[in-house]
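Just so it is clear, the structure is predicted and the values come from calculations on it, not from any experiment. Letters A, B, ... are given to chains in the order of the sequence lines, protein chains preceding strands, and every chain is numbered from 1. The analysis underlying the following values was restricted to heavy atoms, covering all of them including side chains, and did not include hydrogens, waters or symmetry mates.
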Amino acid sequence: MKKSKESLEKAYEPKKHEDDIYKKWESSGFFNPDKLPGKRKNPFTISMPPPNATGTLHLGHASMLAIQDILIRYNRLQGKKTLWVPGTDHASIATQNRVEKLIAEDGKTRHDLGRTQFLQEVEDFVEDSRDTIRNQIRKMGSSCDWTREAYTLSPTLTKVVQETFITMHNDGIIYRGDRIVNWCPRCASTLANDEVKHKTTKGNYYYFKYGPITIGTARPETKFLDKTIIVHPEDKRYKDLVGKTLTIPWMNGDIVAHVIADTAADMEEGTGAMTITPAHSFIDFELAQKHNLPIVQIINEKGELTGHAGEFAGQNANQAREKIVEKMKREGLVEKINTEYEHNLSVCYLCDTPVEPLISKQWFISVDTKAVEWKGKKQSLKEIALDVVKSNDISIVPNRFNKTYFHWIENLHDWCISRQIWFGHRIPVWYNEKEETEISISKPTKEGTWKQDPDTLDTWFSSGQWTFSTLLESPKDNETLTQWKKRSKDVKTFHPTNVLETGYDILFFWIARMILMTTYGMKEIPFETVYLHGMVRDKQGRKMSKSLGNGIDPLDMIKKYGTDALRLSLIVGATPGNDSRLYEEKIAGYRNFVNKLWNISRFIITSVQKPKIITKTPKPTTLSDEWILSQLHFTIEKVTNHLEAFELSAAAETLREFTWNELADWYLEIAKIEKDPSHSPPVGGSDGAGKDDILLYILTSLLKLWHPFTPFVTERIWNELSGSTKNEDLLIVESWPENKKHKPVTDFKTIQNIIIAIRTARAELQVEASNIIDAVITAKPAQQKLITKNQNLFEKLARVTLSNKDYPQKGHVIQESGVTITLHVPVNKEKTKKEIEKLEKYIKALKNKLSNASFIDNAPQSIVQKEQEKLAEAENALQKLKALS
RNA sequence: GGGUCCGUAGCUCAGUUGGUUAGAGCGCUUCGUUGACAUCGAAGAGGUCAGAGGUUCGAAUCCCCUCGGACCCACCA
């Protein structure tokens, strides 16, 4: 940061300052709560949702960083011990896939390299590309503590994850079992429910004869061993069949089938009867468990048919479908085929391969086992997750998402946490040749050949522990998880964190998992408030995507308009939980605002005798002084309240309104007049120094108020004001303006209104701007005095000379704020007539309301009174207009 | 099938617990530039608050329905 008045360029050039300012902040150490000046007791903590280590900054990141930085900077100015923990995510599947693609260019697969070498390649790739995202986070002005930067696959996190696995296993919450899972044959991995996408596809729908009933299916290749018919218990058609055993001619010869009654059968659908395929359908699997039916695997992990398919064994299931149907046709089992069948095909969210539901051995977290001590009693993870939000320990902004959250938790099934991916946290389980199992981080010392479970953990298992694992000190050997957590100072100081800010799209993926894992691991909530932001869309409301080419690169925008402008464009007009639209004109608009702020400051700094910081409210000497101070104090109160309520957009809008419309458009113009001795009215006591103090006080306060939103430009101007290059004089560690008493200055409003009314009349009557006209103002004595006292304002701002001459018959008359103004210009009869009509209509409506007995009876006294005042004022105005026109 | 959100000026959006002659920014029209800023200033045009009904003295705001749009969850044997 340079300093000297010459360096205040005419238009603010963000590129000239931003990098230097960021470096200054970072080297000051103030991003680190331990190095903040002053006594700071209360902590304020945010864990940054970690962007992918190998990714690049997009608008989603930009808006998340802007929001979090605003909260952090505001709370830092409020004197809190502020910590924002940055980090990156190893993004297991995504990163592994990228490296697999890279090595595929050399014609290699991960299996060619082997686990160790492949993982080395991945780590190298991550290390090479991680600086990109780090520097992009800096570009946004993020005031996060880089000395505490975390990584989801760091040694610390790995240790936490493995220890947690072991503890949960000991508590009986983690178990291994056969379950039906979503399986991607291409990735050779299970997928979580939310990693499965649905695609509408057209295909064949087959109707087969199955003994006494007809069954319909889109997947004949799974039905070789369907041996159970389910009918609804109240279905009269099948009443006699329930419980019977039937021999039925089927795909590979006769089979023996049983009939079972269950409400799962829909009487309205098809024939009202169905057969089930437990190993390849979620619902059928549940039914099979409920009725204790055999579960037989027809399709294997490679997507091939097993021995149960007889002659089709070994063939790809999907490809064999038509051959199987051909055979069934020959056997006379096909009733009809609907070729226009539309259904939702489940596909892998990463590679679009159709998902096979199949049975496999996986690790699970039980959400229903009551094994966790919470609020004095043993509860299940599900119960705790519901309780913390219901009892308001955690509040979600906006709170309509509570409903969605509850619904999701209530329907939560056991969570499959094993993934057949190499890049990730390895499951700490070992097996030997005798099929014994040991749960431990390192290889068991007992005799035998021990092999570690090849799987890794679902990435949400580790990110679920993000808020506290990132605060732990480096692990030591031979200490328990509890001991480790206890000795870590940061955990004690900064956990639970205050706010978790993220997009509503990962409420389930992440927020819910953090609540589950942290209430378990820490016996406390991970955060107090969840702030959910919406998605950033293009001007038409479409998602931004590469294929549409409608994406906006935040870094381009920073280059063009500056970080402050980009931040504002992402914040203003965006409300929590709702999507917002971004387009370049919007960013340009905020660039204009930042420039306005710059020029306001430049004006104040260059017009005062000596720029300096003033934090004590100076004494007002003129009415305008009184008014602007009152407006400033009102603004401070409003902005503070908005920020406390997480209403960032409203806070910024309140500030913009004050800055541009009140300060720049009115007060600065008036200050020019009132500072000029040649225009000095008989106001007494008004001198330049008093004005200087007020201007500097306002600027001091304004820079603090804007700092969370536009950190760069405010820090740059602050430097000019403070004249200091010391770290402790940086704006980032200043203190937030206090709330001060204030009351509206209505006298000033009156003057403003009269000036506006005269301007309007001048414009409508097309009076040349250079033409200073005479005006006669008649008013009650008190108002008359006020007007005379401020006559220089009318002369300069409304370009009229106040006069005593009396020529009401010839002048153009305006009614405003109970005052009659006669302008020495020809009467505009038409204009006056219109004015009268408008007033008459308004009066009629008011009279109507006031003559309504039920309004008088029912409405509160204050409302009635207000209406009466309105009427009186309007009638007064009408009377004068009529008399003088 | 269950649920959520949205529909206010040409465009993007505010409108807090029902009480304004319904607001802002951009765009548009007219006028304006002798040192804070043309990335600017002054003034203006433009809305039956998606539609119908209800509650109320009073509805953009609360309730119900209809239409239109976005999204989430579940799922079609």
Trainee: To the side chain of Ile863(A), which of rA77(B), rC37(B), rG19(B) is closest?
Mentor: rG19(B)

Trainee: Under a 4.0 Å N-O cut-off, is there an ion pair linking Glu356(A) with Arg219(A)?
Mentor: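 Yes, this pair counts.
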
Trainee: What does Asp857(A) touch in the nucleic acid at a heavy-atom separation under 4.0 angstrom: a base, only the sugar-phosphate, or nothing?
Mentor: nothing

Trainee: Across all strands, who's sitting opposite rA59(B) as a Watson-Crick or G-U wobble pair, both distances under 3.5 Å?
Mentor: none

Trainee: With sugar-phosphate meaning primed atoms plus P, OP1 and OP2, does Gly589(A) contact a base, only sugar-phosphate, or nothing at under 4.0 Å between heavy atoms?
Mentor: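 No contact.
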
Trainee: Give Arg759(A) one of three labels, base, sugar-phosphate or nothing, depending on what nucleic acid heavy atoms sit under 4.0 Å from its own.
Mentor: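 Sugar-phosphate, no base atom in range.
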
Trainee: Grab the CD-C1' distance between Glu584(A) and rC26(B) for me, whole Å please.
Mentor: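 My rounded result for the distance is 14 Å.
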
Trainee: So does Ile587(A) get a backbone contact from the side chain of Lys560(A), meaning a donor-acceptor N/O pair under 3.5 Å?
Mentor: no

Trainee: Please state whether the phosphate of rA77(B), meaning OP1 or OP2, lies under 4.0 angstrom from any side-chain nitrogen or oxygen of Tyr210(A).
Mentor: no

Trainee: Looking at every strand, decide which applies to Ala845(A) at a 4.0 Å heavy-atom threshold: base, sugar-phosphate, or nothing.
Mentor: nothing

Trainee: For Asp665(A), which contact category applies under a 4.0 Å heavy-atom criterion: base, sugar-phosphate, or nothing?
Mentor: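 Result for Asp665(A) = sugar-phosphate.
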
Trainee: At under 4.0 Å between heavy atoms, what does Lys586(A) touch on the DNA or RNA strands: base, sugar-phosphate, or nothing?
Mentor: sugar-phosphate

Trainee: If the C1' atom of rU61(B) is compared with that of rU8(B), how far apart are they to the nearest Å?
Mentor: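 Looking at atom C1' only, rU61(B) and rU8(B) are 12 Å apart.
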
Trainee: Are OP1 or OP2 of rU21(B) and a side-chain N or O of Lys870(A) less than 4.0 angstrom apart?
Mentor: yes

Trainee: Specify the residue among Tyr12(A) and Tyr590(A) whose closest nucleotide of RNA chain B lies further upstream toward the 5′ end.
Mentor: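 Whichever sits nearer the 5' end wins; that is Tyr590(A).
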
Trainee: Between atom CG in Leu568(A) and atom P in rU39(B), what is the gap in whole Å?
Mentor: 19 Å

Trainee: Consider the side chain of Phe855(A), meaning its heavy atoms from C-beta on, and name the nucleotide among rA43(B), rC72(B), rC57(B) that approaches it most closely.
Mentor: rC57(B)

Trainee: Answer yes or no: does a side-chain N or O of Arg581(A) lie under 4.0 Å from OP1 or OP2 of rC13(B)?
Mentor: yes

Trainee: In whole Å, what separates the C1' atom of rA14(B) from that of rC37(B)?
Mentor: 27 Å

Trainee: Please give, in whole Å, the distance from rU20(B) C1' to Lys849(A) NZ?
Mentor: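 Spelled out: NZ on Lys849(A) to C1' on rU20(B) is 10 Å.
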
Trainee: Taking pairing as Watson-Crick or G-U wobble with both contacts under 3.5 Å, can you name the mate of rG46(B), or confirm there isn't one?
Mentor: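 None - no nucleotide pairs with rG46(B), as no candidate has both distances under 3.5 Å.
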
Trainee: Taking rC62(B) as the reference, what is the distance to rA50(B) when you measure between their P atoms (whole Å, please)?
Mentor: 12 Å

Trainee: Taking 4.0 angstrom as the limit, do Lys870(A) and Glu873(A) come out as a salt bridge?
Mentor: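 No salt bridge links Lys870(A) with Glu873(A).
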
Trainee: Please pick, from rC11(B), rC40(B), rA14(B), the nucleotide with the shortest atom-to-atom distance to any side-chain atom of Trp660(A).
Mentor: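 Selected nucleotide: rC40(B).
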
Trainee: Contact class for Ile756(A) (heavy atom, under 4.0 Å): base, sugar-phosphate, or nothing?
Mentor: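 Counting heavy atoms under 4.0 Å across all strands, the contact made by Ile756(A) is with sugar-phosphate only.
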
Trainee: Near Glu768(A) CD, under 6.0 Å, is it more than 12 heavy atoms from other residues, nucleotides or ligands?
Mentor: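 Open: at most 12 neighbouring heavy atoms sit under 6.0 Å from CD of Glu768(A).
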
Trainee: Using the C1' atom on both, measure rG25(B) against rA36(B) and round to a whole Å.
Mentor: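 Here rG25(B) and rA36(B) have their C1' atoms 22 Å from each other.
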
Trainee: Determine which nucleotide pairs with rC5(B), using a 3.5 Å limit on both distances of a Watson-Crick or G-U wobble pair.
Mentor: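 By the stated definition (distances under 3.5 Å), rG69(B) pairs with rC5(B).
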
Trainee: State whether the distance check finds a donor on one side and an acceptor on the other, under 3.5 Å, for side chain Lys543(A) versus base rA70(B).
Mentor: no

Trainee: Is any side-chain N or O of Lys10(A) under 3.5 Å from a base N or O of rC37(B), one able to act as donor and the other as acceptor?
Mentor: no

Trainee: Test for a donor-acceptor pair under 3.5 Å between the base of rA36(B) and the side chain of Glu669(A), counting only N and O atoms.
Mentor: yes

Trainee: With sugar-phosphate meaning primed atoms plus P, OP1 and OP2, does Thr404(A) contact a base, only sugar-phosphate, or nothing at under 4.0 Å between heavy atoms?
Mentor: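 Thr404(A): no heavy atom of the nucleic acid under 4.0 Å.
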
Trainee: Partner lookup for rC40(B), please. Criteria are Watson-Crick or G-U wobble with both distances under 3.5 angstrom; report none if nothing qualifies.
Mentor: rG32(B)

Trainee: Could you work out the separation of rG27(B) and rU17(B) based on their P atoms and round it to a whole Å?
Mentor: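 After rounding to an integer number of Å, I get 33 Å for this pair.
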
Trainee: Closest nucleotide of RNA chain B for Thr575(A) versus for Arg656(A): which of these residues is on the 5' side?
Mentor: Thr575(A)

Trainee: Please determine whether a side-chain nitrogen of the Lys or Arg among Lys847(A) and Glu875(A) lies less than 4.0 Å from a carboxylate oxygen of the Asp or Glu.
Mentor: yes

Trainee: Between Lys796(A) and Glu669(A), does any side-chain N to carboxylate O distance fall below 4.0 Å?
Mentor: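 Glu669(A) and Lys796(A): not salt-bridged.
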
Trainee: At under 4.0 Å, does any side-chain N or O of Trp408(A) touch on OP1 or OP2 of rG3(B)?
Mentor: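 Checking Trp408(A) against rG3(B): no side-chain N or O falls below 4.0 Å of OP1 or OP2.
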
Trainee: Expressed as a whole number of Å, how far does the P atom of rU21(B) sit from that of rC31(B)?
Mentor: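 It comes out at 34 Å once rounded to the nearest Å.
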
Trainee: Does OP1 or OP2 of rA38(B) have a side-chain N or O of Lys596(A) closer than 4.0 Å?
Mentor: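 No, Lys596(A) has no side-chain N/O under 4.0 Å of OP1/OP2 on rA38(B).
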
Trainee: Would Lys672(A) and Phe603(A) count as a cation-pi pair here, with the cationic atom under 6.0 angstrom from the ring centre and within 45° of the axis?
Mentor: yes

Trainee: Return the value, rounded to whole Å, for the distance between atom OH of Tyr504(A) and atom P of rA70(B).
Mentor: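 From Tyr504(A) OH to rA70(B) P: 13 Å.
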
Trainee: Is the charged tip of Arg513(A) near the ring of Trp415(A): under 6.0 Å from the six-membered ring centre and within 45° of its axis?
Mentor: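 Yes, a cation-pi geometry.
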
Trainee: Give me the distance, rounded to whole Å, that separates rC28(B) from rA9(B) when you measure between the C1' atoms they each carry.
Mentor: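 Nearest-Å result for rC28(B) against rA9(B) at atom C1': 12 Å.
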
Trainee: Compare side-chain N and O positions of Asn592(A) against OP1 and OP2 of rC40(B) and report whether any pair is under 4.0 Å apart.
Mentor: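 True: Asn592(A) side-chain N/O within range (under 4.0 Å) of rC40(B) OP1/OP2.
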
Trainee: Starting from P on rU17(B), measure out to CD on Glu647(A) and report it in whole angstrom.
Mentor: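 To the nearest whole Å, that distance equals 11 Å.
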
Trainee: Contact class for Thr277(A) (heavy atom, under 4.0 Å): base, sugar-phosphate, or nothing?
Mentor: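 Since no nucleic acid heavy atom lies under 4.0 Å of Thr277(A), the category is nothing.
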
Trainee: Just by distance, no angles: are the side chains of Thr710(A) and Asp564(A) close enough, under 3.5 Å, to form a donor-acceptor pair?
Mentor: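 There is no such pair between these side chains.
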
Trainee: For atom C1', what is the distance between rG23(B) and rG46(B), given to the nearest Å?
Mentor: 13 Å

Trainee: Rounded to whole Å, how long is the line connecting atom CG of Leu797(A) with atom P of rG41(B)?
Mentor: 14 Å

